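Everything on this sheet refers to the single structure shown next.
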Protein chains: 2
Amino acid sequence: MDQNRKDRLEGAGWRVGNAEDFLELTPEEAAFVELKLALARFLRDVRVQQGWTQAQTAKRLGSSQSRFAKMEAADASVSVDLLVKSLLGLGATREQVGEVIARAA
Amino acid sequence: MDQNRKDRLEGAGWRVGNAEDFLELTPEEAAFVELKLALARFLRDVRVQQGWTQAQTAKRLGSSQSRFAKMEAADASVSVDLLVKSLLGLGATREQVGEVIARAA
DNA sequence: GACGACTATGTCGGATCGGACATATCATGT
DNA sequence: ACATGATATGTCCGATCCGACATAGTCGTC
């Protein structure tokens, strides 16, 4: 978010911060959701890169469009296991998965 | 395993290989179990490094000695979520977790 | 603004996971 | 050999997860 937008929102009575502040997560919990978000973003990138739809990709993985949408959204009902298995199933390497976890914003 | 031992075992009628060969896993499945094993080894390393017992560490994490033993053994009943949450709970960083996944043998 | 293709959200039943307990195995000291 | 502390293994049941379906929202094209 750029600083202007932040200022405008705060001027209007909003608090602007990250998930940790807003939901009052512990540092570990925050690190965990960031990790999940990083995997979810990578999953979307891989799919879009290939020019596939959610439905196509889900079928390929033996899953459903709705669940795949939840994966990309890092929904609370989606495990890291599922994200990692899906990424590996789409051809990502263990090295790539590790890098994404280690270096993602 | 060194080559001598491999030869001796194979001479005695054993097949020697990795989990992928033995259990006939697909490459993705093999990558996934390797990833889990890497996290499990790291978890043990972190604990031992601190000079803690499984029971102490489990209590710290709100878990039990038996489940923690299964974590270190990368038991099938243990999820990557649990391994990652435990590592973060013991003070490991997201970067370390990623590195372990990316670079482990 | 209706249609179609794609994505997002809510829910459910069956499957898997996790803490706990009991018990077994292993290591070390006496 | 026995005791003690630590780790490993098996099982149970409540909690969570996942595929599936239904349906709602979004976006572009006509």
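The chains referred to below are lettered A, B, ... by the order of the sequence lines, with proteins before strands, and numbering in each begins at 1. Worth saying up front: this structure is predicted, and the values here are computed from it rather than measured.
- Under the 4.5 Å side-chain heavy-atom criterion for Ile, Leu, Val, Met, Phe, Trp and Tyr, A/Leu82 and B/Val33 are members of distinct hydrophobic clusters.
- Atom pair B/Phe32:CZ and C/dT16:C1' shows a separation of 12 Å (rounding to whole Å applied).
- If you chain together hydrophobic residues whose side chains sit under 4.5 Å apart, A/Leu90 and A/Val78 fall into the same group.
- When all heavy atoms of B/Leu43 and B/Ser86 are compared, the closest pair comes out as CD1-CB, 4.2 Å.
- Of all heavy-atom pairs spanning A/Val80 and A/Phe32, the tightest one is CG2-CZ, 3.7 Å.
- Contacts with DNA chain C (heavy atom under 4.0 Å) in residues 64-74 of chain B: B/Ser64, B/Ser66, B/Arg67, B/Lys70, listed by number.
- Residues A/Val97 and A/Leu61 are members of one and the same hydrophobic cluster, defined by side-chain heavy-atom contacts under 4.5 angstrom among Ile, Leu, Val, Met, Phe, Trp and Tyr.
- Contact annotation: A/Arg47 side-chain N/O to C/dC6 OP1/OP2 distance is not under 4.0 Å.
- Taking all atoms of both residues into account, the shortest heavy-atom contact from A/Arg94 to B/Ile101 is NH1-O, 2.9 Å.
- Remark: P of D/dA6 and CZ of B/Arg44 are 14 Å apart, rounded to the nearest angstrom.
- Interface residues of residues 75-86 of chain A facing DNA chain D, ordered by number: A/Ala76, A/Ser77, A/Val78, A/Ser79, A/Leu82; criterion, heavy-atom separation under 4.0 Å.
- Taking all atoms of both residues into account, the shortest heavy-atom contact from B/Glu28 to A/Gly89 is CG-CA, 3.8 Å.
- In terms of heavy atoms, B/Ala74 sits closest to B/Leu37 at CB-CD2, 3.8 Å.
- Taking atom CD of A/Gln54 as the reference point, atom C1' of D/dA24 lies 14 Å away to the nearest angstrom.
- For B/Ser63, a side-chain nitrogen or oxygen approaches OP1 or OP2 of C/dG19 to under 4.0 Å.
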